[in-house]
Amino acid sequence: MGEAGSGVRQAVPAELSSFIGRERELTALASLLATQRLVTLTGPAGIGKTRLAVRTVRTLGAGEGLDIVWADLAALPERCWDRLGAELTDRLAGREALLVLDGCEQLGEAGAGLAAGLLRLPGLRILATSQRRLRIAGEVVLPVPPLSVPTAPSVQPLPPPPSVVPGHAVPDPARRFPVADVAGYAAVRLFEERARGADPFFELTDRNAGAVAALVRALDGIPGALELAAGRSHQYAPAQALRRLGSDPLGFLAGGAGRSTRVDAERSLRLASPAERLLWERLSVFAGSFDRAAVAEVCGFGALTPDTAVEALLRLAPGLLADAGPGRYRLPLSVRAYAARRLAHGPAGDGATTARRHRERCRVVAERAAQLWRAGAQREARALALRELPDLRTAMNPLAAGGPGAALEIAVSLWFLWSACGMAAEGRRHVERALAVHPAPRPARALWLAAWLVAAFGEADSADPLLVEAWTEAVHEGEDACLAYLAHLRGTIALWEDRYEDAAAEYRDGLELLPAEPEFGPGREALRAAHTLAVAHTDPASVPVEDGPPRGPADQWARSWVSYAHALVQRHEGRPGLARTELLRALRTQFALDDTLGQAFSVELLAELEADQGRFAEAARLLGAVSRTRPRAASAPRAEHAVRTRLTPQAFRAAYASGARTPLSELLPELAD
């Protein structure tokens with residue numbers, strides 16, 4: 001049996017492209033090979049196990065003069081499996097050598113037997129690459145993780161240029177990101193270099209860095225998928241590739257190098273059990289990460305019971321699954337696209353049933369998050385919603401099974417994520433898309449939420465028809481809670497327009513209409529906080545600031561607004577120190593929940609306090625820091641006029657722009673305490 005037929009060769013494969021990242025893995029692997037006889041690199045297809053093995057043994061061979069034998073098991077015909085052990089034993093007997101068994105998963109259980117038999121040779125060390133651990137005595141497993149990717153919060157829009165002043169239109173800043181924020185991540189470096197190889201004119205710039213960062217995140221930092229996307233950079237700019245990846249992952253990942261993803265997946269499943277294959281296909285309904293309970297709930301039906309689904313999951317990981325944190329897994333998008341195609345062409349009804357069970361789980365998760373919010377566990381509610389958001393987004397597709405009614409039910413349960421956690425733009429898109437295809441009559445709860453989110457963008461005229469329709473349907477449905485929240489919304493619009501008496505009256509009406517235990521929405525404490533805020537403007541002496549906001553685990557979001565109201569009163573009564581203390585208390589909660597609206601109002605009141613003390617440049621910096629997050633419907637910040645009259649236009653613009661590009665944590669170091 002010659003080398004061409006066996007896949008065994010003396011020479012290590014050539015490195016046909018540059019090696020990027022993996023500094024920690026290179027060091028760890030070299031250390032393990034110095035002390036262990038069997039080291040297995042594990043991870044899903046395309047993660048870079050073979051490249052890491054090649055670079056490591058080339059480095060070791062050059063530095064230590066190791067005798068290295070490389071066996072490419074993926075290229076080994078099945079008819080040669082039985083003779084491979086004997087051939088390697090003959091070749092390696094009596095030698096001090098390092099044997100690389102590349103692609104052990106292709107041999108199934110025979111791979112473990114091969115390695116165990118070869119370890120009887122006293123001078124042999126083995127480096128194996130496999131999508132599954134070999135599970136034999138003495139094995140040390142080194143999982144190969146994805147390349148590092150920019151996290152979403154680390155990619156922030158560039159500030160407006162210093163010439164921008166409040167109230168003037170500016171170009172959309174979301175299209176520009178600083179290259180320095182993303183260029184150091186290994187996934188971005190790999191994409192950039194491979195894209196330049198496909199298109200010599202490609203360059204990472206402020207204009208495309210944000211799209212590149214989002215693209216490498218969407219591809220899970222898996223080198224194989226990144227190289228595919230980069231190789232098509234002559235066809236698609238990063239933003240175009242990202243849009244196509246989101247709308248048509250099957251199409252984007254098909255053809256050309258994309259076939260290697262399909263081939264890798266098919267080879268991985270070749271020796272899998274029927275249960276593992278079926279589970280792998282059903283897992284494609286998950287857009288994000290999942291745990292055992294989710295797999296049992298969504299995939300455990302028919303030929304797979306909940307228990308057998310979990311058992312198959314544990315056998316698949318980490319072979320076809322990416323590690324998504326303790327107890328959680330994720331199907332990489334490049335693999336998921338192929339699995340989804342198999343599910344769609346599988347047994348009749350299997351895909352539809354899986355999708356229906358997935359959507360029902362999302363409905364339950366959204367309601368669970370809403371219950372946590374109502375119970376006062378608001379950070380936990382936000383964390384749960386954000387963790388499950390990729391799948392919740394899928395479930396809010398009004399054209400999927402369940403239709404617009406099911407999509408709206410989930411969107412309404414997540415009202416707090418849109419309204420209290422700084423995601424109003426996304427929430428508005430989900431609600432408006434589902435309402436557009438919902439037959440009449442449209443549900444009052446969804447109409448209320450749509451009106452609230454429209455008003456948050458300063459479009460009071462657009463909110464009016466929704467308010468009218470929502471009120472009509474709420475009366476027809478007997479939805480007292482919805483009527484209460486509509487009054488609350490009218491009060492909020494009045495508050496933003498400085499009509500404080502009207503706001504207080506609307507909030508009182510809302511409190512009278514709201515049931516003791518509403519099934520959805522902000523709840524009684526939030527409405528009381530809003531009323532307190534209005535009264536702080538109309539009758540500050542009646543607000544009992546000496547007691548401070550209530551303590552305890554209840555509605556911390558509402559209590560942050562009470563703290564804001566108390567700060568208004570303290571400033572009115574000439575106690576700026578106490579007012580600042582109340583505002584910092586409010587901001588700590590607003591930062592924890594990412595309540596950008598609350599942050600805007602609290603920081604603007606801090607700017608007023610700074611202006612009261614003659615610190616006009618600092619006040620301008622604070623105004624600039626929250627210039628993008630305040631509602632357009634709100635009146636201009638009171639501090640702005642005072643600051644403009646005390647600073648030259650040039651000084652105001654410079655301080656304002658400085659604040660716009662400085663994190664609030666630096667402007668307000670007290671928040672880090």
Side-chain angles (χ1 to χ4, degrees), residues 15-22 43-52 144-152 154-155 174-175 177 179 181-266 268 284 287-288 320-322 324 330-341 390:
E15 294 186 275
L16 301 179
S17 58
S18 58
F19 188 85
I20 295 176
R22 305 295 192 201
I47 199 69
K49 302 182 293 294
T50 299
R51 286 301 310 273
L52 178 59
V144 180
L147 294 177
S148 62
V149 300
T151 56
S154 72
V155 183
R175 294 184 180 274
F177 295 82
V179 169
D181 280 3
V182 303
Y185 291 90
V188 175
R189 287 159 46 207
L190 178 68
F191 180 91
E192 180 184 14
E193 182 159 323
R194 300 297 189 264
R196 193 175 290 123
D199 177 6
F201 297 101
F202 179 85
E203 183 180 359
L204 188 66
T205 66
D206 288 345
R207 186 167 294 281
N208 66 18
V212 170
L215 183 61
V216 301
R217 283 199 304 274
L219 293 171
D220 303 290
I222 294 180
L226 295 173
E227 292 189 334
L228 165 62
R232 304 181 73 180
S233 59
H234 64 288
Q235 296 175 278
Y236 305 106
Q240 294 172 319
L242 184 63
R243 285 194 293 271
R244 183 160 187 208
L245 186 65
S247 62
D248 182 20
L250 289 173
F252 182 80
L253 295 170
R259 284 195 291 269
S260 65
T261 298
R262 173 178 57 80
V263 171
D264 283 341
E266 287 175 343
S268 303
S284 65
L320 284 171
L321 306 178
R330 182 175 60 254
L331 203 61
L333 180 59
S334 53
V335 177
R336 181 181 167 229
Y338 176 62
R341 175 172 290 175

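Along the sequence shown, residues are numbered consecutively beginning with 1.
The two atoms that bring R196 and F202 nearest to each other are NE-O, 3.6 Å, heavy atoms only. Residue F19 comes nearest to R51 through the heavy atom pair CE1-O, 3.5 Å, listed as atom of the first residue, atom of the second, then distance. Residue A287 comes nearest to P390 through the heavy atom pair CB-O, 3.5 Å, listed as atom of the first residue, atom of the second, then distance. Of all the heavy atoms in A198 and A230, the pair that sits closest is CB-O, 3.7 Å. The shortest heavy-atom contact between A339 and L331 is CB-CD2, 4.1 Å.
Every residue was checked against the salt bridge (Lys or Arg N to Asp or Glu O under 4.0 Å) condition with E193, not counting sequence neighbours, and none meets it. In this structure, the side-chain contact (heavy atoms from CB on, under 4.5 Å) partners of A211, at least two apart in sequence or on a different chain, are P238, A239. Evaluation of the side-chain contact (heavy atoms from CB on, under 4.5 Å) rule for P145 yields R22, E25 as partners, not counting sequence neighbours.
A donor-acceptor pair under 3.5 Å is formed between the side chain of R336 and the backbone N or O of S284. Distance alone, capped at 3.5 Å, is enough to place a donor-acceptor pair between the K49 side chain and the G43 backbone. Distance alone, capped at 3.5 Å, is enough to place a donor-acceptor pair between the S148 side chain and the A186 backbone.
Side-chain contact between D220 and P146 is absent, with no heavy atoms from C-beta onward closer than 4.5 Å. Within the 4.5 Å cutoff, no side-chain heavy atoms of P150 are placed close to those of D181.
We find the CD1-CG distance between I222 and L147 to be 9.5 Å, quoted to the nearest 0.5 Å.
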- Message: Would L215 and F191 count as a side chain to side chain contact (heavy atoms under 4.5 Å, CB included) here? Give the steps.
- Response: CA-CA 9 Å; L215 183 61; F191 180 91; 3.6 Å; yes

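Just one residue in the list L204, V216, V182, I20 forms a side-chain contact (heavy atoms from CB on, under 4.5 Å) with R189, and that residue is I20.
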